[in-house]
Each structure stands twice: as structure tokens, then as C-alpha cells.
Amino acid sequence: MKVLITGATGTVGGGALKFALSHPVITTVYVLSRRELAFTHPKLKVILKTDYKTYTPTELEQLQGVSACIWALGAPTGGMDIHTLVPRVARDAFFEHLAPAIPGGGPFTFVLTSGLLVVRDQERWLPGFLKPLQVRGKVEGEFAEFEKQHEGKWRTMVARPASVLKEGTTSMLPYRFQIDSLALGAALVTLASSEDSKGRTLENLELREVGQRALAATPAK
């Protein structure tokens with residue numbers, strides 16, 4: 001299985017990358033990155049990319065055979081384009097150019113990393129400073145609807161983690177509002193490689209449970 005990861009230099013994407021490289025089912029991990037990574041690995045292929053608002057024919061050709069994407073690009077406080085326009089562009093490009101080439105004709109899986117506080121209900125009143133959470137919720141809904149429109153060809157997994165802890169750090173937040181990057185990364189990879197017929201949305205507690213089980217079954221190296 002070939003998997004694509006964005007945001008691999010960050011806390012969330014980095015956790016997913018670490019686990020993906022140790023996963024026995026995954027043969028190749030492609031990473032889109034603005035810079036080279038600090039290490040190499042036999043499974044790892046880095047594609048340098050500065051403009052995430054478009055995909056060139058060369059980039060899409062390099063990604064042929066990829067059947068899943070773990071989308072972890074952009075910090076929660078990043079600009080809105082990184083959470084709206086950019087993932088939409090990726091969705092459309094991957095559906096058109098990567099999904100048809102999946103071996104066996106299975107659905108393309110897009111694991112969208114969102115957040116615990118993101119609001120999908122577009123009718124709910126929120127103060128102005130929280131409106132970005134509702135905008136991101138609209139994207140969640142669009143991706144879920146995209147799966148319904150392209151059943152059998154596309155699968156959307158939405159991950160809604162709470163506070164993500166870097167490896168080796170602790171937090172004073174209640175347990176239910178935190179998740180370490182390794183457990184989250186393992187959960188994201190598990191969603192990308194699962195054989196579930198349909199996508200789903202996982203909240204923080206379920207993500208941690210899924211990730212911890214995956215780590216216990218396949219210890220990260």
C-alpha cells in the first residue's frame with residue numbers, strides 16, 4: 001500500500017509518518033514538504049512542494065499508485081486557506097488523477113485532520129472570533145458529502161483530536177482533552193489503511209483508543 005502524508009514536519013503529521021514507516025502493510029510513504037526531512041528511510045519518498053493551491057502533472061505522476069492521504073497540513077491557528085481552499089484543491093486533484101489508478105479499483109481514502117472544537121453545524125450562532133471553527137466545519141461536511149456523491153470511489157475519514165502533545169511532553173489538561181502525537185499518528189494511519197467500507201468521524205477519545213491499540217499491535221520503531 002502506498003500512502004501520502006502532508007504536514008509531516010509538524011507534530012501531527014510527524015507522528016503519522018513515524019508509524020507509517022513501521023507499518024507492515026505500507027510499502028511506500030510519500031511526503032509533500034516544503035523542505036527536505038532530517039532523515040531518510042527505504043520506504044520514504046519526499047516530494048518538495050511550495051504551492052499547495054495547484055498540483056502539477058509531474059507531481060501527480062509521481063503519486064500514481066497512492067490509495068490514501070493523511071492530511072495534517074496547517075496549524076490550528078494557521079490562515080483559513082490552509083484549512084479550506086488547500087484541502088479542497090487536493091481532494092479534487094486526487095479524485096481525478098489518483099483514485100482511478102488504485103490497484104483493485106478500491107476507494108481513495110482521505111483522512112482529514114480537523115479538531116475537537118470545530119463546528120459542523122452551519123446554523124449555530126458563534127461569536128465572530130470563533131467563526132473560523134465553523135468555516136472548518138463546513139469543509140468537514142463537504143468532504144463527508146463528497147463520499148456520498150462518489151460512493152465506492154472515495155472514502156472520507158475525519159479525525160477530531162483535542163490538544164496534541166509532542167512526544168515526551170505532558171499536559172495539565174484533563175485526560176479526555178489530550179492525545180499524544182504517537183497515538184494520534186497511529187490512529188490516522190490505521191484509518192488510512194483500514195478496510196472499512198465507509199468513512200466516519202472519530203473524536204479524541206476514540207482516536208486515542210484506536211491509536212493505542214495500533215501501537216500495541218505494531219510497535220513504532
Side-chain angles (χ1 to χ4, degrees), residues 1-75 78 82-114 139 143 146-147 150 153-159 161 181 184-196 199 211 214 220:
M1 179 181 185
K2 297 180 180 180
V3 173
L4 169 64
I5 299 176
T6 66
T9 58
T11 301
V12 176
L17 175 59
K18 184 173 183 178
F19 189 75
L21 291 174
S22 72
H23 198 291
V25 172
I26 297 175
T27 58
T28 308
V29 181
Y30 291 89
V31 167
L32 296 180
S33 176
R34 292 184 173 88
R35 61 182 185 274
E36 292 284 358
L37 302 189
F39 67 94
T40 60
H41 190 281
K43 289 186 179 182
L44 177 63
K45 294 184 182 297
V46 179
I47 299 175
L48 296 180
K49 185 170 181 61
T50 57
D51 184 4
Y52 285 84
K53 295 180 181 179
T54 186
Y55 286 82
T56 68
T58 299
E59 291 167 343
L60 293 168
E61 180 62 31
Q62 289 176 289
L63 294 172
Q64 288 299 301
V66 167
S67 59
C69 171
I70 295 173
W71 191 266
L73 190 65
I82 201 71
H83 297 297
T84 55
L85 173 63
V86 171
R88 286 169 177 151
V89 169
R91 176 198 63 199
D92 294 344
F94 298 167
F95 179 73
E96 180 178 356
H97 297 283
L98 303 185
I102 294 176
F108 187 93
T109 302
F110 196 102
V111 182
L112 178 66
T113 306
S114 186
V139 175
F143 271 73
F146 195 81
E147 176 181 325
H150 304 284
K153 298 180 179 179
W154 185 271
R155 185 175 61 160
T156 298
M157 299 287 194
V158 178
S181 61
L184 176 56
L188 298 178
V189 173
T190 299
L191 292 177
S193 60
S194 74
E195 297 182 355
D196 294 346

Verify the distance criterion only: is there a donor paired with an acceptor across the side chains of Arg34 and Thr50 at less than 3.5 Å? no
What distance do Ser33 atom OG and Leu48 atom CG have between them, rounded to the nearest 0.5 Å? 6.5 Å
Taking side-chain hydrogen bond (donor to acceptor under 3.5 Å, both in side chains) as the definition, give me every residue that meets it alongside Lys153, ordered by chain and number, with sequence neighbours left out. none
Identify the two heavy atoms, one from Thr190 and one from Ala214, that lie closest to each other, and give their separation to 0.1 Å. OG1-CB, 3.4 Å
When you measure from the side chain of Gln64 to the backbone of His97, do you find a donor-acceptor pair of N or O atoms at a distance under 3.5 Å? yes
Step-by-step side chain to side chain contact (heavy atoms under 4.5 Å, CB included) determination, Val189 to Val3: CA-CA 9 Å; Val189 173; Val3 173; over 6 Å; no
Please name the pair of heavy atoms, one in His23 and one in Ser193, separated by the smallest distance, quoted to 0.1 Å. NE2-OG, 3.8 Å
Identify the residue among Ile5, Leu112, Leu17, Val111 that makes a side-chain contact (heavy atoms from CB on, under 4.5 Å) with Leu188. Val111
For the CZ atom of Phe108 and the CD atom of Glu96, what is their distance to the nearest 0.5 Å? 13.0 Å
Cation over ring face, Lys49 and Tyr55, 6.0 Å, 45°: yes
By ring-ring contact (aromatic ring centres under 6.0 Å, His included), which residues pair with Phe146, not counting sequence neighbours? Phe95, His150, Trp154
Heavy-atom pair with the smallest gap, counting every atom of Arg88 and Val139: NH2-CG2, 3.7 Å
Roughly how far, to the nearest 0.5 Å, is OG of Ser114 from CE of Met157? 15.5 Å
Could you measure the distance from the OG atom of Ser181 to the CZ atom of Phe19? Nearest 0.5 Å is fine. 13.0 Å
Carefully, step by step, assess Leu44 and Phe39 under the rule side chain to side chain contact (heavy atoms under 4.5 Å, CB included). CA-CA 9 Å; Leu44 177 63; Phe39 67 94; 3.9 Å; yes
Matching residue for Lys45 among Leu63, Thr28, Val29 - test: side-chain contact (heavy atoms from CB on, under 4.5 Å): Thr28
Of all heavy-atom pairs between Ile82 and Trp71, which one has the smallest distance, and what is that distance? O-NE1, 4.4 Å
State, to 0.1 Å, how close Gln62 and Tyr30 come at their nearest heavy-atom pair, and which atoms those are. O-CE2, 3.4 Å
Indicate yes or no for a side-chain donor-acceptor contact from Thr113 to the backbone of Ala159 under 3.5 Å, with no hydrogens or angles considered. no
Quick check against the 3.5 Å criterion: does Lys53 have a side-chain atom that pairs as donor or acceptor with the backbone of Val86? no
Under the 3.5 angstrom rule, does the side chain of Glu59 hit a backbone N or O of Thr56 as a donor-acceptor pair? yes
Residues two or more places apart in sequence or in another chain: which of them pass ring-ring contact (aromatic ring centres under 6.0 Å, His included) with Tyr52? none
OG1-CG distance between Thr11 and Leu184, expressed to the nearest 0.5 angstrom: 10.0 Å
Heavy-atom nearest pair, Ala192 first then Ile70, reads CB-CG1, 4.0 Å
Step by step, would you call Arg155 with Ser67 a side-chain hydrogen bond (donor to acceptor under 3.5 Å, both in side chains)? CA-CA 10 Å; Arg155 185 175 61 160; Ser67 59; over 6 Å; no
Interatomic distance, CG@Asp196 vs OG1@Thr109, rounded to 0.5 Å, equals 9.0 Å
